[in-house]
Every structure is written in structure tokens, then in C-alpha cells.
Amino acid sequence: VTDVEGTFKKYQGDFEINDAENALSNIQVNVETKSVDSNDKKRDFHLKGHEFFYSAKFPQATFKANGPVAILPHKEFKVEGTMTFRDISKPFTFIGTYKGKQKDPW
């Protein structure tokens, strides 16, 4: 077993931001497991197979946060919740940095 870096090319996430309380809430992410990309087609084929993601039977993986998360611009924050792959759910923590609000150029 080894660490492998990669991405999921297809995903969708939702959250609510409360500026008055500097908090994120209702955080949920859905990932298409067949969209895994580790920059190695043979490895990706293996990851999509029955030994790992089993994408044919379990096309989605999900993350749902336990509750609201405090955020401050340019500070690290943790999102604790439940990650589900192959109908197996386990506690999981994401670590991120809030970079502040930016104006949409469009």
C-alpha cells in the first residue's frame, strides 16, 4: 500500500455561508468515483475496479459535514463529517484554508 496523489474530475458540492457568524454550514460533497485521475490509466482502471472504488456498483462517494464550521480569511479550518465509499461510512476530516471572498469578474 502506498500514497497516491490524484483528483476526481467530476464532483459537486454545496454549502451555505453566514457572513455575520463567519461560518459555513450544510456542507455536502458528491464525487463520481469513475472520474478518478491519478495520472496513470492502468492505476485508474484498478482504482475503479472491485478492489477499491467499485465504480460500476458504487458510482458515487459522499461527504457530509457534522455541523457548522467557523472560518476566518486566510486561516486554516477543519471540516469534520462522514465520508461514504462503497456504502461504508467513516468519520473524516478535511483541512482547508478560507481565502476570503472574491468578486466574480462576470
Side-chain angles (χ1 to χ4, degrees):
V1 177
T2 185
D3 289 336
V4 173
E5 290 190 25
T7 62
F8 289 98
K9 299 254 181 176
K10 294 184 180 178
Y11 55 89
Q12 184 269 325
D14 294 301
F15 63 89
E16 295 174 15
I17 188 165
N18 183 325
D19 287 326
E21 296 181 13
N22 292 322
L24 298 176
S25 60
N26 298 322
I27 303 166
Q28 184 169 325
V29 179
N30 297 309
V31 173
E32 288 186 30
T33 58
K34 69 181 179 183
S35 75
V36 66
D37 183 355
S38 67
N39 204 28
D40 182 319
K41 291 191 184 296
K42 281 186 176 181
R43 180 174 43 225
D44 294 345
F45 181 79
H46 190 195
L47 289 170
K48 294 173 196 178
H50 71 278
E51 291 181 337
F52 290 95
F53 300 142
Y54 201 175
S55 298
K57 186 172 182 179
F58 303 100
Q60 295 263 324
T62 61
F63 174 80
K64 184 169 174 122
N66 293 340
V69 177
I71 55 171
L72 292 172
H74 310 290
K75 298 290 183 185
E76 188 176 271
F77 63 93
K78 293 181 181 181
V79 182
E80 295 180 351
T82 302
M83 178 74 78
T84 303
F85 275 95
R86 295 179 63 143
D87 287 343
I88 299 169
S89 298
K90 294 191 176 192
F92 193 84
T93 301
F94 278 104
I95 298 173
T97 301
Y98 177 50
K99 295 189 176 186
K101 282 188 166 186
Q102 296 182 7
K103 189 170 184 144
D104 185 346
W106 291 276

To the nearest 0.5 Å, what is the distance between [atom1] ([X]) and [atom2] ([Y])?
{"X": "Lys78", "Y": "Phe94", "atom1": "NZ", "atom2": "CZ", "result": "14.0 Å"}
{"X": "His74", "Y": "Lys99", "atom1": "NE2", "atom2": "NZ", "result": "9.0 Å"}
{"X": "Phe63", "Y": "Thr93", "atom1": "CZ", "atom2": "OG1", "result": "7.0 Å"}
{"X": "Lys34", "Y": "Gln60", "atom1": "NZ", "atom2": "CD", "result": "9.5 Å"}
{"X": "Glu5", "Y": "Asn39", "atom1": "CD", "atom2": "CG", "result": "11.0 Å"}

Could you tell me whether [X] atom [atom1] has more than 12 heavy atoms of other residues or ligands within 6.0 Å of it?
{"X": "Gln28", "atom1": "CD", "result": "yes"}
{"X": "Asp19", "atom1": "CG", "result": "yes"}
{"X": "Asp104", "atom1": "CG", "result": "yes"}

Mind checking whether Phe85 and Phe8 have parallel, tilted or perpendicular rings, split at 30° and 60°?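 It falls in the tilted class, 30° to 60°.
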
Hey, are the side chains of Phe15 and Val79 touching, using non-hydrogen atoms and a 4.5 Å cut-off?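 Side chain of Phe15 against side chain of Val79, heavy atoms only: no contact under 4.5 Å found.
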
side-chain contact (heavy atoms from CB on, under 4.5 Å) between Val4 and Asp40: does it pass, once the steps are laid out? CA-CA 10 Å; Val4 173; Asp40 182 319; over 6 Å; no

Please walk me through it: do Thr33 and Phe58 pass side-chain contact (heavy atoms from CB on, under 4.5 Å)? CA-CA 8 Å; Thr33 58; Phe58 303 100; 5.6 Å; no

Test Tyr98 against Ile17 for side-chain contact (heavy atoms from CB on, under 4.5 Å), laying out the working first. CA-CA 12 Å; Tyr98 177 50; Ile17 188 165; 4.0 Å; yes

If you compare all heavy atoms of [X] against all heavy atoms of [Y], which two are closest, and at what distance to 0.1 Å?
{"X": "Ala23", "Y": "Ile71", "result": "N-CG1, 4.0 Å"}
{"X": "Asn26", "Y": "Glu16", "result": "ND2-OE2, 2.9 Å"}
{"X": "Ser38", "Y": "Arg43", "result": "OG-NE, 2.8 Å"}

Hydrogens and angles aside, do [X] and [Y] bring a side-chain donor and acceptor to less than 3.5 Å of each other?
{"X": "Asp14", "Y": "Gln12", "result": "yes"}
{"X": "Asn66", "Y": "Glu80", "result": "no"}
{"X": "Asp37", "Y": "Thr7", "result": "no"}

Find out if a path of hydrophobic residues (ILVMFWY) with successive side-chain heavy-atom gaps under 4.5 Å connects Tyr54 to Leu47.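 As far as the 4.5 Å side-chain criterion goes, Leu47 and Tyr54 are not connected within one cluster.
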
Between the main-chain N or O of [Y] and the side-chain N or O of [X], is there a donor-acceptor pair closer than 3.5 Å?
{"X": "Arg86", "Y": "Phe52", "value": "yes"}
{"X": "Lys64", "Y": "Thr82", "value": "no"}
{"X": "Ser25", "Y": "Pro68", "value": "no"}
{"X": "Asn22", "Y": "Leu72", "value": "no"}

